[in-house]
Amino acid sequence: MAFSKHFEHQEREAEIYRRWEESGAFKADARSEKPPFTISMPPPNATGTLHLGHAIMLVLEDLMTRWRRMAGDEALWVPGTDHAAIATESVVIRLLQKEGIADPRIALGREELVRRIAEYVEKSRGTIRSQVRGIGASCDWERERYTMDAQLSRCVAEVFGKMFRDGLIYRGARIVNWDPGLQTTISDDEIEHVEQPHAKFYTLRYGPFLVGTSRPETKLGDTAVAVHPDDERWKEHIGKVYDIPWPKGPTIRIRVVADERVDPEFGTGALGVTPAHSQLDFEIAEAHGLPLIPIIGEDGRMLPAAGPYAGLTTLECREAFVADLEAAGLLAEVKTYPQRLSICYRSKQAIEPLIKAQWFIDVNKPAVRWKGKLMSLRQVLRDVVDSGDIQLVPKHQEATYFHWIDNLRDWCISRQIWWGHRIPVWYRGEQEIYVGHRGPGAEGWQQDTDTLDTWFSSALWTWSTLIDPELAKDQDLGLSQLLAQSPDFLKFHPTSVMETGYDILFFWVARMILMTTYATGQVPFRTVYLHGLILDRDGEKMTKSKPETSIDPLDTIRDLGADPLRISMVIGNSAGTDFRLSAERLEAGKHLVNKLWNAAKLVEKIAQGGEDGVDPASITHPVNRWIVARAHRVVDVVNGRMAAWSFGDAAEQIRSGFWSEFCDEYLEAVKVPELADLPETRAAARHAFDVFLKLFHPFIPFVTEEIWQQLGRPGMLIRADWPGTELRDAWSEDVDGVDAVLRLVAALRRIRSESRVEPKAQVAASVRALAFTDRMKACEPVIRKMANLESLSWDGAVPAGAVTAVDPAFQAAVDLGEANREAERERLRKELEDAERRLANVGKRLANEAFVRNAKPEIVEGARAEERELQGLKGTLEERLRELGV
RNA sequence: AGGCCCGUAGCUCAGUUGGUUAGAGCGCUACGUUGACAUCGUAGAGGUCAGCGGUUCGAGUCCGCUCGGGCCUACCA
């Protein structure tokens with residue numbers, strides 16, 4: 001089949017993907033004898049469209065999956081989507097509001113709203129599926145999962161029940177992070193901090209105290225003043241009770257307590273304690289048995305307890321209250337200071353800490369069997385990384401992970417939204433409670449109205465996706481039975497790699513470890529590969545407001561193809577590091593794809609009419625041997641880089657091996673008839689090219705597959721074997737000889753360029769081979785063509801007006817006439833100087849006894865060889881200068 | 001306040017356990033290109049590896065400090 005002028009990505013990519021999918025190339029077999037390689041795709045939210053964050057995730061996971069599949073593993077990549085509770089519900093509510101339904105929760109009711117959200121999700125999941133396909137993801141669509149699938153929901157309920165019975169889940173009234181906008185609690189990890197450089201800090205006259213606060217309105221709910229037990233300033237007040245009448249009411253009664261947690265250095269050293277609206281204050285209040293007075297409601301407005309301020313928003317109240325204090329002379333000071341405001345990562349609204357009865361996971365209770373011991377969730381989290389059961393890439397992220405564990409508190413898992421897994425708990429009256437996946441199945445029970453944190457179900461993702469859906473229909477099976485009888489779980493879990501952004505290390509990665517070790521007794525994955533953020537060329541987050549530097553993956557796939565997008569996101573990218581993607585990079589990616597396409601055209605031409613089935617090991621010409629050995633050396637290097645998770649590096653190695661060695665050197669060399677006509681050249685060219693095609697495939701799957709098929713190679717590249725390394729060190733004399741030939745060509749070209757020889761002018765060269773003589777002579781036609789020589793003699797004669805080059809393997813001379821004499825002398829002197837400098841360097845090292853004694857023998861031997869080589873070079877240069885009459 | 005990362009060519013970044021003359025892409029300069037090349041090729045310029053000190057026969061690489069930049073975490077009210 002004739003190659004088209006260019007790779008027509010728009011029509012070909014979709015067609016190639018269809019063929020892969022139809023051929024079953026993505027499907028993994030749980031009964032296979034091959035070692036498993038498993039990746040759970042981090043489920044993209046079932047809202048919106050694919051962005052570059054998804055793209056990098058898909059590209060990295062796909063290249064790992066394709067690589068391991070070719071390398072002989074039973075590779076399974078499980079795709080799926082997440083119901084993304086808060087994100088989805090708020091998106092749909094906003095849409096409904098735009099349609100004119102002011103308060104969809106009230107207008108539609110729970111059942112109808114959930115139905116509408118599900119409908120919306122179903123639609124956008126279709127969009128995401130096609131976009132994941134568009135990028136070339138070779139995931140097993142038959143195993144596609146969704147966090148709300150029946151068997152996944154079953155797992156959620158089962159785990160909840162198990163944790164409840166083990167006392168790891170409890171319900172309690174505690175300070176929680178309340179988002180008044182979304183009307184729900186959120187976990188500690190869902191809080192973001194925004195810098196407020198000029199926040200106001202007020203100091204109030206507060207009975208006998210001066211008390212500092214950034215939120216004066218909360219002082220309406222104070223029930224104590226806490227001071228440090230050793231603080232002399234306030235010692236006399238400890239234990240006393242004061243009634244403090246605020247100017248317009250209410251009057252609060254405060255007790256003075258001593259607590260170590262108060263920092264005497266901060267402010268006045270006296271802390272107004274607001275137990276109902278501050279975490280620390282709540283803890284102090286608990287320790288001292290202080291009363292709680294909630295003054296802020298869930299709507300973000302002041303409660304009746306706030307007296308005359310009831311009904312105001314917190315900010316309105318602050319303003320009014322401060323004005324009243326000032327009028328009454330109770331405002332001692334107002335200054336500005338930098339403060340970090342807590343906001344919800346989703347709604348970006350300020351968080352209101354308040355007290356609410358919620359469900360929590362206890363991270364400190366020693367109730368988890370792990371390695372024969374009873375540990376707390378926190379201890380297990382620490383142990384699996386400490387012991388190396390789980391490896392983080394890059395490794396320094398482990399420090400961040402441990403830091404997070406150190407600060408970890410009980411995880412609030414209940415949410416007041418409707419979209420999600422409803423808490424599997426039923427109540428009857430005040431006393432009775434039922435926990436389980438089936439429900440109590442009797443009259444008079446009411447299910448808990450809250451839903452679970454979306455990360456609760458995501459935390460089960462590596463294994464809940466592997467539970468057999470049919471099996472899960474049997475409601476009588478317990479969790480351990482579901483696990484023990486699911487073939488996919490048995491074959492593919494623990495998964496091999498979790499690849500995701502470092503920004504969700506805590507949200508998700510840590511939670512998966514926490515839940516999975518507990519629920520299955522296994523780690524969820526062996527390795528966590530964390531990629532960085534994709535930024536624009538200036539290192540800033542891409543936004544639609546900066547279209548000139550913003551890149552949309554869908555546009556790129558349409559305009560350039562998926563391959564250029566993929567390769568340009570991988571080359572130069574490394575784990576844990578943010579990556580700047582620019583139009584220039586995409587351009588370079590496109591050029592690479594184009595280069596590969598054109599090389600294929602030439603290879604096909606070279607290979608025309610030759611024979612199939614030639615064993616590469618039987619090749620004899622040095623140039624052909626050289627490229628075969630080189631290609632396999634690249635394989636060896638790439639294997640090492642891939643295994644070390646250095647995918648960008650691996651891609652770069654493939655790129656440069658292909659471009660410089662295969663294209664610029666080999667393909668140019670075999671254009672000479674002496675080689676082109678050699679039957680084995682067809683075998684060598686196609687063998688080496690196939691090696692590069694295979695190496696490239698995980699990175700740029702579409703164009704490589706298209707070439708593979710157009711060249712009539714057997715089967716599909718996606719299922720081809722990863723190339724071996726057996727010929728990596730073969731034919732070293734030939735390989736070194738051709739290396740010398742290439743250096744000779746480069747030397748001759750340099751002479752031409754430096755001496756301003758017309759590009760078209762053919763010159764006469766004379767060469768004396770000092771090593772690899774046979775090989776170099778065998779390559780004479782190649783040298784003549786690549787250096788554009790009229791004639792090449794091997795007598796080594798140096799005419800009077802020649803310009804020369806010396807190398808350990810050869811001396812070369814090009815006769816350019818007398819005019820170049822002086823320039824030649826100059827050049828030789830420079831080269832001699834350089835050789836002498838290097839000789840002095842290596843001589844100094846070898847003269848150093850400590851070096852000879854301590855350095856590794858091969859290093860010392862290398863230095864000796866270098867010294868010998870340089871001495872030879874120096875001699876040649878000096879001789880040549882003498883001939884020139886210096 | 002604590003933790004982590006980064007500082008290498010004009011720009012973006014590699015540089016694997018310390019070991020010859022520190023690399024690539026893009027950009028730049030000069031030249032070339034009617035047959036694989038929406039181009040590509042050939043040759044070239046360009047770096048006191050942020051600074052200081054230490055360990056070592058040997059440091060871009062290991063250790064300490066300083067300066068500069070970024071990120072994360074926290075119950076300084």
Side-chain angles (χ1 to χ4, degrees), chain A residues 3 5-6 175 188-189 193 201 211-215 218 226 261-263 265-268 270-274 278-284 337 339-340 353 394 396-400 402-404 406-407 409 502-503 505-506 533 537 539 568 571-574 576-582 584-585 587-588 590-592 594-606 640-641 644 646 648-649 652-653 655-656 663-664 667-668 671 746 749-750 752-754 756 758-760 786 788 834 837-838 841-842 845 848-856 858-860 862-863 865-867 870:
Chain A
F3 274 84
K5 193 157 170 52
H6 312 292
I175 289 273
D188 295 342
D189 289 298
H193 303 276
F201 188 76
V211 159
T213 181
S214 59
R215 300 195 61 189
T218 64
R261 283 167 283 201
V262 178
D263 176 7
E265 303 297 317
F266 189 87
T268 60
L271 164 66
V273 180
T274 319
S278 152
Q279 179 67 36
L280 175 65
D281 295 7
F282 177 78
E283 286 169 20
I284 291 175
Y337 81 131
Q339 189 204 21
R340 297 186 75 185
H396 67 78
Q397 288 286 350
E398 290 179 5
T400 314
F402 288 132
H403 188 252
W404 177 79
D406 289 342
N407 292 296
R409 289 182 292 167
Y502 65 72
D503 50 333
L505 178 62
F506 308 141
L533 271 35
R537 72 151 68 81
S568 52
I571 290 184
N573 200 342
S574 60
T577 314
D578 293 347
F579 182 76
R580 301 186 186 196
L581 186 65
S582 59
E584 289 82 355
R585 274 189 197 273
E587 189 78 5
K590 188 178 125 194
H591 288 166
L592 177 58
N594 188 243
K595 185 79 178 175
L596 191 62
W597 185 255
N598 281 294
K601 286 196 269 185
L602 185 57
V603 167
E604 190 193 36
K605 221 161 148 186
I606 290 168
R641 305 298 159 103
S646 303
D649 214 7
E652 174 57 29
Q653 293 290 331
R655 192 204 65 81
S656 72
C663 293
D664 291 347
L667 286 183
E668 289 306 315
K671 279 177 183 171
R749 283 170 171 170
R750 202 175 315 121
R752 297 180 63 110
S753 168
E754 284 176 2
R756 308 270 158 197
E758 285 295 313
K760 281 182 185 157
M786 292 180 82
N788 197 17
D834 192 50
R837 187 172 50 78
R838 288 171 53 193
N841 261 338
V842 71
R845 283 217 314 278
N848 182 343
E849 271 178 49
F851 171 71
V852 179
R853 198 174 50 239
N854 296 331
K856 278 179 276 186
E858 61 266 29
I859 299 291
V860 178
E866 188 193 357
E867 188 180 39
L870 284 169

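Labels below follow one simple rule: chain letters A, B, ... track the order of the sequence lines, proteins then strands, and each chain is numbered from 1. Just the heavy atoms: all of them, side chains too, but no hydrogens, waters or symmetry mates, feed the values below.
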Practice prompt. May I ask you to verify if any side-chain N or O of A/Arg750 is less than 4.0 angstrom from the OP1 or OP2 atom of B/G44?
Written response: yes
Item to complete: Tell me what A/Gly862 touches on the nucleic acid: a base, only sugar-phosphate, or nothing, going by heavy atoms under 4.0 Å.
Response: nothing
Fill in: Residue A/Ala599, side-chain heavy atoms: nucleotide from B/A14, B/C5, B/A36 that is nearest
B/A36
Worksheet entry | Between C1' of B/U33 and NZ of A/Lys671, the distance in whole Å | 11 Å
Worksheet item: Which letter, B, S or -, goes with each nucleotide of nucleotides 70-77 of chain B from 5' to 3', with contact meaning a protein heavy atom under 4.0 Å?
Response: --SBBBBB
Worksheet item: A/Glu652 and A/Arg641: salt bridge (charged side-chain N to carboxylate O under 4.0 Å, His left out), yes or no, with the steps?
Response: CA-CA 10 Å; A/Glu652 174 57 29; A/Arg641 305 298 159 103; over 6 Å; no
Worksheet item: Distance check: side-chain N/O of A/Asn848 vs OP1/OP2 of B/C57, anything under 4.0 Å?
Response: no
Practice prompt. Please report the C-alpha distance between A/Leu667 and A/Ile606 in whole Å, then the side-chain angles of each, then the deciding distance to 0.1 Å, and finally whether the side chain to side chain contact (heavy atoms under 4.5 Å, CB included) criterion is met.
Written response: CA-CA 9 Å; A/Leu667 286 183; A/Ile606 290 168; 3.8 Å; yes
Worksheet item: If you check every side-chain atom of A/Ala855, which of B/A43, B/C57, B/A36 has the closest atom?
Response: B/C57
Practice prompt. Please confirm whether the backbone N or O of A/Ala850 pairs with a side-chain atom of A/Asn854, one donor and one acceptor, at under 3.5 Å?
Written response: yes
Worksheet item: Does the pair A/Glu668 and A/Lys671 meet the rule for a salt bridge (charged side-chain N to carboxylate O under 4.0 Å, His left out), with working shown?
Response: CA-CA 5 Å; A/Glu668 289 306 315; A/Lys671 279 177 183 171; 3.0 Å; yes
Item to complete: Rounded to whole angstrom, note down the P distance from B/G10 over to B/A50.
Response: 13 Å
Practice prompt. Round to the nearest Å and state the distance from A/Leu533 atom CG to B/C13 atom P.
Written response: 13 Å
Item to complete: Could you give the distance separating B/A22 and B/G27 at their P atoms, to the nearest angstrom?
Response: 25 Å
Discussion item. Using whole Å, what does the distance between atom C1' of nucleotide B/G58 and atom CD of A/Glu849 come to?
Written reply: 16 Å
Fill in: Pairwise P distance, B/A9 and B/U73 [rounded to whole Å]
32 Å
Worksheet item: Of the nucleotides B/C40, B/A14, B/U42, which one has an atom closest to the side chain of A/Arg749?
Response: B/U42
Fill in: Main-chain N/O of A/Gly648 paired to A/Asn573 side chain as donor or acceptor, under 3.5 Å
no
Discussion item. What's A/Arg853 touching, base or sugar-phosphate or nothing? Going by heavy atoms closer than 4.0 Å.
Written reply: nothing
Worksheet, complete the sentence: In whole angstroms, the gap separating C1' of B/C13 from CZ of A/Arg537 amounts to 16 Å
Worksheet item: Can you check whether A/His6 has a side-chain N or O nearer than 4.0 Å to OP1 or OP2 of B/A38?
Response: yes
Worksheet entry | Gap in Å between the two P atoms, one belonging to B/C62 and one to B/G7, rounded | 11 Å
Fill in: C1'-based separation of B/A59 from B/G51 [nearest Å]
16 Å
Practice prompt. In whole angstrom, give the distance that lies between atom CG of A/Asn573 and atom P of B/C13.
Written response: 10 Å
Practice prompt. Tell me, with the steps shown, if A/Ser278 and A/Ile175 meet side chain to side chain contact (heavy atoms under 4.5 Å, CB included).
Written response: CA-CA 7 Å; A/Ser278 152; A/Ile175 289 273; 5.7 Å; no
Worksheet item: So what does A/Asp664 touch, heavy atoms closer than 4.0 Å: a base, only the sugar-phosphate, or nothing?
Response: sugar-phosphate
Worksheet item: Would you say A/Leu271 and A/Asp281 make side-chain contact, with heavy atoms under 4.5 Å?
Response: yes
Worksheet item: B/C63 and B/U16: how far apart are their P atoms, nearest whole angstrom?
Response: 14 Å
Would you list the protein and nucleotides 22-27 of chain B atom pairs, both N or O, that sit under 3.5 Å from each other?
{"from": "B/A24", "atom 1": "O2'", "to": "A/Glu652", "atom 2": "OE2", "distance (Å)": "2.8"}

Fill in: Gap between atoms CG and C1', on A/Asp406 and B/A1 respectively (whole Å)
15 Å
Item to complete: Figure out the NE2/C1' separation between A/His396 and B/C62, and round it to whole Å.
Response: 18 Å
Worksheet item: So what does A/Asn594 touch, heavy atoms closer than 4.0 Å: a base, only the sugar-phosphate, or nothing?
Response: base
Practice prompt. Check for a donor-acceptor pair, side chain of A/Arg749 on one end and backbone N or O of A/Asn788 on the other, with a separation under 3.5 Å.
Written response: no
Fill in: Length of the line joining A/Lys856:NZ and B/U56:P, which is rounded to integer Å
18 Å
Worksheet entry | Phosphate OP1/OP2 of B/A14 contacted by A/Ser574 side-chain N/O (<4.0 Å) | yes
Worksheet item: How far, in whole Å, is B/U55 from B/A45 if one measures between their P atoms?
Response: 38 Å
Worksheet item: Do the ring planes of A/Trp597 and A/Phe3 sit parallel (below 30°), tilted (30 to 60°) or perpendicular (above 60°)?
Response: perpendicular
Discussion item. Can you check the distance between B/C76 and B/G68, where both ends of the measurement are the P atom (answer in whole Å)?
Written reply: 26 Å
Practice prompt. Might you confirm whether atom CD of A/Glu758 has over 12 heavy atoms from other residues, nucleotides or ligands at distances under 6.0 Å?
Written response: no
Item to complete: Take A/Asp834 and A/Glu587, find for each the nucleotide of RNA chain B with the closest heavy atom, and name the residue whose nucleotide sits nearer the 5' end.
Response: A/Asp834
Worksheet item: Under 4.0 Å between a side-chain N or O of A/Arg580 and OP1 or OP2 of B/C13?
Response: yes
Discussion item. So A/Glu668, base contact, sugar-phosphate only, or nothing? Heavy-atom distance under 4.0 Å.
Written reply: base
Worksheet item: What would the secondary structure line of RNA chain B be in dot-bracket form, counting Watson-Crick and G-U wobble pairs under 3.5 Å, with [ ] for pairs that cross earlier ones and | for pairs with another strand?
Response: (((((((..((((.....[...)))).(((((.......))))).....(((((..]....))))))))))))....
